[in-house]
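Chain identifiers are assigned alphabetically (A, B, ...) following the order of the sequence lines, protein sequences preceding nucleic acid strands; residue numbering begins at 1 within each chain. What you see is a predicted model, and the numbers here were worked out from it, not measured in a lab.
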Amino acid sequence: MLTKDQADASASEIASEPHPKVRGASEDGRLVVTLSGNWTTRTVSRIDREMRALEDQPGVRGIAVDLAGVGEMDTAGAWVIKRLAVAQERKGATVEMTGGRSAFDVLLAAVEDAALQELPPAEVRPFGIVPFMESIGRSVFNARDEFLLAMHILGATLSGNKRRRGRKINLAPLAMQIDRMGIGAIPVVVLMSTIVGAIVAQQGAFQLRYFGAEIFVVDLVGILVLREMGVLLTAIMIAGRSGSAITAEIGSMKMREEVDALTVIGLNPIGVLVFPRLVALAIIMPLLTIIANIAAIAGAMAVAWAYSGITPDAFFDRMTAAIDESSLLSGLFKAPIMGIIIGLIASVEGMKVGGSAESLGRQVTSSVVKAIFVVIVVDGLFAMFYAAIDF
Amino acid sequence: MDTATASHTLEDQDREVILAVRDVTVAFGDQVILDRLSLDVYRGEILGFVGASGAGKSVLLRTVLGLNRKQGGSINLFGVDTDKVTDAQRVQLDMRLGMLFQHGALFSGLSVMENVQVPMREYLDLPKKLMDELARLKIELVGLPANAANKFPSQLSGGMIKRAALARALALDPAIVFLDEPTSGLDPIGAAEFDELVAKLRDTMGLTVYMVTHDLDSLFSVCDRVAVLGQKKVLVEGPISYMLTVEEPWVKSYFRGKRARQIDPAALHNNVSAGAVR
């Protein structure tokens, strides 16, 4: 709608202006170019090609450009005319301009410097095996730098916030982060876990029904949720919800030199910005995981009752037999580590934000993607580890 | 440029009003910022617009550009009432004005060249090669080195950002450009160069320049006329020589205050002995 209006408008505007026209006549090596109409930014595209053809015309010894018929001219029009003059002058022709008003001379003189400038040669991109290897090498070095930065941040956090003059840890920002990232996330974590727990219970019950072993859906859900799913779902949700926020906050502070301001004031940016977020994540992750576990098991219980007729009493009986502390603890152990991983990746990505809005978007994306990826990989490593130690 | 040519160019124009602001009132909530303000800008002039910080200079600028709502009055650009324009006319108006924001407002994800080409892409149907040439021309006109074309805004210095933003404002060869504190944050030499650039562009492209500024040097060196915003309207307007005779306290302290006097070379020679060249 809007674009159509714009197109109409520019079309009618151009139609109402006298078109620029070129007439070139060549007599034994002498080219007489007669110009007329309006030579402005809005109209030059119409005669660009004709003018280029005149520029490329070979064997011209002299050009006479007659500007008497030109109505209006701006820098774009002047550029196209000057380009012709310079191109033919380079080939040894003499150029003569006549009939122009004094205002045109000023314009033509103003664009002369730009017209005389040689275009910088376009960069030729090498292709083949070398750039491919180069990009691999760069990404390996980048991965190393990122890992080192993450370790610096972790180290600075663990070494106690690098407090100056032995000040106590400030609890206010920590409480605020716990509120924002933890309590704020409860509704969505509960909702998501309930639904996933219910789905798993329904699918499990459906398959186990063939064997008449529907009651074992309780074992399935209990172990799966407590060991893996509760913590994994929470971590993914927190990576998307809080990891992106941390990257965006730190990144935009970096962009506006606020991080530098903290350094100059004498505060450690990592202590001020990263420490409360990292600690808050390490605290809220286990708590949210417990909530997610309860919600998922409640969802499963509801489905088991409605779909398979397993009463809550029977469900609880079976569950106490199926799980022990190790099931619960193996999941909860992972939670703070997942939280720290999410916080570290988000902080590193935030610190990598450069000057442009685009880089902020890129780093937020890569923060969430990397955090989810690493969380899943680490979860797999934990599963192998627990299996190895029989936990 | 010297004053003789300045007055000459002014007389040459038959004082065509390019921007007419009539009785404009702007209020945010209960707070009235501009109260029945009127102002004329003539074709081909450089108007300096001054006023205390927070007086509403930027509000007026934004209102003229249609970025703020106004509660009353009318704004005529090129003889068209901006409240009664059709969409098509609005596009025509937008093509004929350029704006240099105080901090440049260059698109950070685009190179300087691409920034300059944004308005061209939107409004004109130009071949790629010609568009590149015109963008390079604009970059050259504002005095940026050719290698700045492919740099990104985050790689530019403050002065270069202003020049690049001016190049973008000039992309469509507008009839009027609005400059919001163009020389703020520039060193005196860079600021003087910028002033000369504005004057040169006015002379070559026939630009009309509406410049919000606090830079007394700019006001003295390039502005044909100065308008002072105070008490929610244009307090006084006239050439800089007239400003020096106004007895209104704020205007007097602005143009003849402690900092303003430093421009007078006679006042300087007392302090010469205090300095030393190393």
- What pair of heavy atoms forms the shortest contact from Pro127(B) to Ser45(A), and how long is it? CD-CB, 4.0 Å
- Hey, could you give me the CG/NZ distance between Leu137(B) and Lys82(A), rounded to the nearest 0.5 Å? 12.0 Å
- Item | Distance-only donor-acceptor check, side chains Asp173(B) and Thr75(A), under 3.5 Å | yes
- Is the CD atom of Glu258(A) crowded by more than 12 outside heavy atoms at less than 6.0 Å? yes
- Item | Structural part of Ala149(B) lying under 4.5 Å from a heavy atom of chain A | neither
- Let me know if Leu124(B) has heavy atoms under 4.5 Å from chain A in its side chain, its backbone, both or neither. side chain
- For Lys138(B), is it the side chain, the backbone, both, or neither that has a heavy atom closer than 4.5 Å to a heavy atom of chain A? side chain
- Message: Is it the case that over 12 heavy atoms from other parts of the model lie below 6.0 angstrom from the CZ atom of Arg69(B)?
- Response: no
- Would you mind telling me which of Leu107(A), Val44(A), Asp48(A), Val106(A) has the largest number of heavy-atom pairs within less than 4.5 Å of chain B? Asp48(A)
- Can you tell me how far CG of Leu110(B) sits from CD of Glu358(A), rounded to the nearest 0.5 angstrom? 8.0 Å
- Message: For Leu130(B) and Trp79(A): C-alpha separation, side-chain torsions, deciding distance, then whether side-chain contact (heavy atoms from CB on, under 4.5 Å) applies.
- Response: CA-CA 10 Å; Leu130(B) 181 60; Trp79(A) 163 260; 4.2 Å; yes
- Can you say whether Arg52(A) sits under 4.5 Å from chain B via the side chain, the backbone, both, or neither, judging by heavy atoms? side chain
- Query: At a heavy-atom separation under 4.5 Å, does Leu141(B) approach chain A through its side chain, its backbone, both, or neither?
  - Reply: side chain
- Query: Counting heavy-atom pairs under 4.5 Å to chain A, which of Lys200(B), Met120(B), Met205(B), Lys129(B) comes out on top?
  - Reply: Lys129(B)
- How many angstroms lie between CZ in Arg42(A) and CG in Asp125(B), if you round to the nearest 0.5 Å? 14.5 Å
- Should the heavy atoms of other residues, nucleotides or ligands under 6.0 Å from CZ of Arg138(A) be counted, would the total exceed 12? no
- Message: Rounded at 0.5 Å granularity, tell me how far CE in Met255(A) sits from OG in Ser154(B).
- Response: 9.5 Å
- What's the spacing between Ser356(A) OG and Gln155(B) CD if we round to 0.5 Å? 9.5 Å
